[in-house]
Protein chains: 2
Amino acid sequence: MGYKIIPDIVVGRLPIYLRELVFLDDEGSKVTSSQELGGRLGISPTQIRKDLSYFGEFGKQGTGYDVRYLQGQLRRILKIETVWKVALVGFGDLGRALANYGGFVDRGFCITHVFDNDPQKIGLRAGNLEVMGVNRMAEVIGKNGIKVAIVAVPAGAAQQVAQALVDSGVGAILNYAPITLALPGHVHVQNIDPGVYLQQMTYYL
Amino acid sequence: MGYKIIPDIVVGRLPIYLRELVFLDDEGSKVTSSQELGGRLGISPTQIRKDLSYFGEFGKQGTGYDVRYLQGQLRRILKIETVWKVALVGFGDLGRALANYGGFVDRGFCITHVFDNDPQKIGLRAGNLEVMGVNRMAEVIGKNGIKVAIVAVPAGAAQQVAQALVDSGVGAILNYAPITLALPGHVHVQNIDPGVYLQQMTYYL
């Protein structure tokens with residue numbers, strides 16, 4: 001078997017499959033099928049089978065997928081069998097909401113450090129964390145081997161913050177600032193800008 | 001000229017182009033090129049020219065694009081020359097952050113109504129708005145002709161809320177709840193689930 005190049009769009013659907021498997025598990029389902037998953041997700045069963053086949057044989061013709069087993073396999077593939085430490089930069093309204101959000105740990109992520117550059121925010125409590133100054137960012141991220149970060153600072157500060165994160169060893173950035181970051185090619189970036197998502201819909205209205 | 005079907009992925013890039021044109025404008029640039037835009041966005045100049053050519057001729061060979069003119073054209077295409085009224089449902093930490101976010105109006109959107117089902121939140125101030133009970137949602141959305149909504153409620157409540165929004169006339173939903181909504185085909189939905197975005201990156205780490 002040769003090395004298969006897996007399209008990003010296929011990798012991008014795996015977390016959606018995993019999320020639905022968790023719901024099925026919560027509902028008490030032991031077994032599911034590409035038909036059932038497809039129906040719940042608005043994705044064709046053929047597409048789901050093809051996507052999963054990149055990674056192995058997870059179900060049997062006629063008997064479907066074991067919900068817990070497939071969950072475990074997807075967690076392994078997505079490398080979230082353990083919990084990633086996450087640095088959050090920016091403790092404004094959004095940063096506060098993210099720091100208080102309880103939904104990350106089950107998904108494989110735990111915000112372990114929060115940074116801001118505002119002296120009035122440094123020392124504030126974020127859940128059971130304490131907001132630290134950005135001047136400590138490089139040292140703390142390096143020492144803790146943090147690879148994942150969330151940027152929730154204003155657009156004007158985001159590029160500098162992101163570059164500092166990368167210089168400290170971060171390789172994956174979830175960027176909430178409404179700008180396109182210019183970073184080295186090996187860094188993975190996902191952007192969440194609600195303005196962009198809203199504009200993508202009004203075109204069709 | 002026949003009717004051209006424009007791929008969703010092309011439409012999806014227009015807000016990114018627009019956002020960058022606004023930055024260029026803020027920096028004082030009068031004219032730009034597909035090379036400059038591409039360099040700033042990490043998108044090939046050929047792709048940018050091809051995307052824009054779906055909608056018309058916006059630049060001249062050798063002289064590039066007029067920054068203000070192209071901005072205006074993109075706003076027209078994306079139907080954000082006027083400001084859309086937006087209903088926000090859910091006034092938890094995230095809803096509060098969204099209600100306080102000052103970045104929507106310049107992008108073509110204004111949160112004009114906020115709803116929650118928690119009696120303790122109804123009547124609270126959200127900027128210069130007042131949180132209303134969800135029992136008033138259908139009436140208020142219908143009366144104000146609101147077509148765009150943001151769902152920021154827990155996963156367990158999101159499907160019911162989204163269906164109620166659609167029943168009231170909403171045709172575009174920005175969904176922050178970590179579930180796949182089941183809605184009629186004519187409704188446009190964009191999903192923002194940070195857990196999904198983070199998992200899409202750890203695969204590559």
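Note on naming: letters A, B, ... go to the chains in the order of the sequence lines (proteins, then strands), and numbering restarts at 1 for each one.
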Query raised in the report: Non-hydrogen atoms of chain B under 4.5 Å away: do they reach the side chain of A/Ile77, the backbone, both or neither?
Result: both

Query raised in the report: Taking B/Asn100, B/Leu14, B/Val86 one by one, which has the highest count of heavy-atom pairs under 4.5 Å against chain A?
Result: B/Asn100

Query - A/Pro194 side chain reached by B/Leu174 side chain, heavy atoms, under 4.5 Å - result: yes

Query - Least distance between heavy atoms, A/Gly195 atom then B/Phe109 atom - result: O-CE1, 4.4 Å

Report summary line: Applying a strict 4.5 Å limit to non-hydrogen atoms, the region of B/Ile80 in contact with chain A is side chain

Query raised in the report: Is there side-chain contact between B/Asp66 and B/Lys30, with heavy atoms separated by less than 4.5 Å?
Result: no

Query raised in the report: Among all residues two or more places apart in sequence or in another chain, which pass the side chain to side chain contact (heavy atoms under 4.5 Å, CB included) test with B/Arg40?
Result: B/Glu20, B/Phe23, B/Leu24, B/Glu27, B/Glu36

**Report entry** Contacting moiety of B/Leu78, where chain A heavy atoms sit under 4.5 Å
**Finding:** both

Requested in this report: For chain B, find its close neighbours in residues 113-123 of chain A: heavy-atom separation under 4.5 Å, sorted by number, or none.
Outcome: none

**Report entry** Any donor-acceptor pair under 3.5 Å from A/Arg125 side chain to A/Asn128 backbone
**Finding:** yes

**Report entry** Region of B/Asp8 in contact with chain A, defined by heavy-atom distances below 4.5 Å
**Finding:** both

Report task. Taking all heavy atoms of A/Pro178 and all of B/Arg19, pick out the closest pair and write down the distance. Result -> O-CD, 3.2 Å

Report task. For the residue pair A/Leu183 and A/Gln159, establish whether any side-chain heavy-atom pair is separated by less than 4.5 Å. Result -> yes

Query raised in the report: Can you pull the salt bridge (Lys or Arg N to Asp or Glu O under 4.0 Å) pairs that have at least one residue in residues 70-80 of chain A, sequence neighbours excluded?
Result: none

Query - B/Ile111 and B/Tyr101, any side-chain heavy atoms less than 4.5 Å apart - result: no

Report task. List the steps and the verdict of salt bridge (charged side-chain N to carboxylate O under 4.0 Å, His left out) for A/Arg96 and B/Asp93. Result -> CA-CA 8 Å; A/Arg96 213 179 310 256; B/Asp93 286 332; over 6 Å; no

Query - chain A contact via B/Val196 - side chain, backbone, both or neither, heavy atoms under 4.5 Å - result: both

Requested in this report: Please flag which part of B/Ile173 lies under 4.5 Å from any non-hydrogen atom of chain A: side chain, backbone, both or neither.
Outcome: backbone

Query raised in the report: For chain A, which residues from residues 197-205 of chain B lie under 4.5 Å away (heavy-atom distances)?
Result: B/Tyr197, B/Leu198, B/Gln199, B/Gln200, B/Met201, B/Thr202, B/Tyr203, B/Tyr204, B/Leu205

Report task. Answer with side chain, backbone, both or neither: which region of A/Ala182 has an atom nearer than 4.5 Å to a non-hydrogen atom of chain B? Result -> neither

